[in-house]
Amino acid sequence: MSYILILLILLSAGAVIFALVRGLIAFANMEPDDVDADGVTASHKKQNEMMFARVKYQAIAVILVALLLLLAGGQS
């Protein structure tokens, strides 16, 4: 069971890195002229989307680590 949790932790950590890199790329490719009707740039929308994705994947990783620690503590 712990091997599965470790694999899931690694996958969620990889998803965190992926979301972080996509957010940084959106930040680097910011074009101030590309605005919608609300005055928000497409780059800002993508940055916010990736930030929320990163936070979600980090929360999943933290929960999985806590679950792994609980299971490891119960085995001793």
task = Check L64, L68, V65 against I6 for a side chain to side chain contact (heavy atoms under 4.5 Å, CB included) and give me the one that passes.
result =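 Testing I6 for a side chain to side chain contact (heavy atoms under 4.5 Å, CB included) against L64, L68, V65 leaves exactly one candidate, L68.
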
Let me confirm one number: the [atom1]-[atom2] distance from [X] to [Y], rounded to the nearest 0.5 Å.
X   : Y   : atom1 : atom2 : result
F27 : H44 : CZ    : NE2   : 8.0 Å
L24 : N29 : CG    : CG    : 11.0 Å
L5  : L69 : CG    : CG    : 10.0 Å
R54 : I17 : CZ    : CD1   : 12.0 Å
K46 : R22 : NZ    : CZ    : 3.5 Å

task = Determine, step by step, whether L20 and M50 satisfy the side-chain contact (heavy atoms from CB on, under 4.5 Å) criterion, reporting the C-alpha distance in whole Å, the side-chain angles of both residues, the deciding distance to 0.1 Å, and the verdict.
result = CA-CA 7 Å; L20 176 65; M50 289 298 104; over 6 Å; no

query = Just by modelled atom types, is the I60 backbone N or O under 3.5 Å from a matching donor or acceptor in the S12 side chain?
reply =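 Looks like no, no N/O pair under 3.5 Å.
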
request  = Begin from the C-alpha positions of S2 and L71 and carry the test side-chain contact (heavy atoms from CB on, under 4.5 Å) through to its verdict.
outcome  = CA-CA 8 Å; S2 63; L71 290 175; over 6 Å; no

inquiry  = Side-chain heavy atoms nearer than 4.5 Å, only ILVMFWY residues, links allowed to pass through others: does that put Y3 and I9 together?
reply    =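 Different hydrophobic clusters.
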
hydrophobic_cluster_shared for V62 and L8, side chain cutoff 4.5 Å =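 L8 does not cluster with V62.
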
V40 to K45 - nearest heavy-atom pair and separation =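 For V40 and K45, the tightest heavy-atom pair comes out as CG1-CG, 4.0 Å.
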
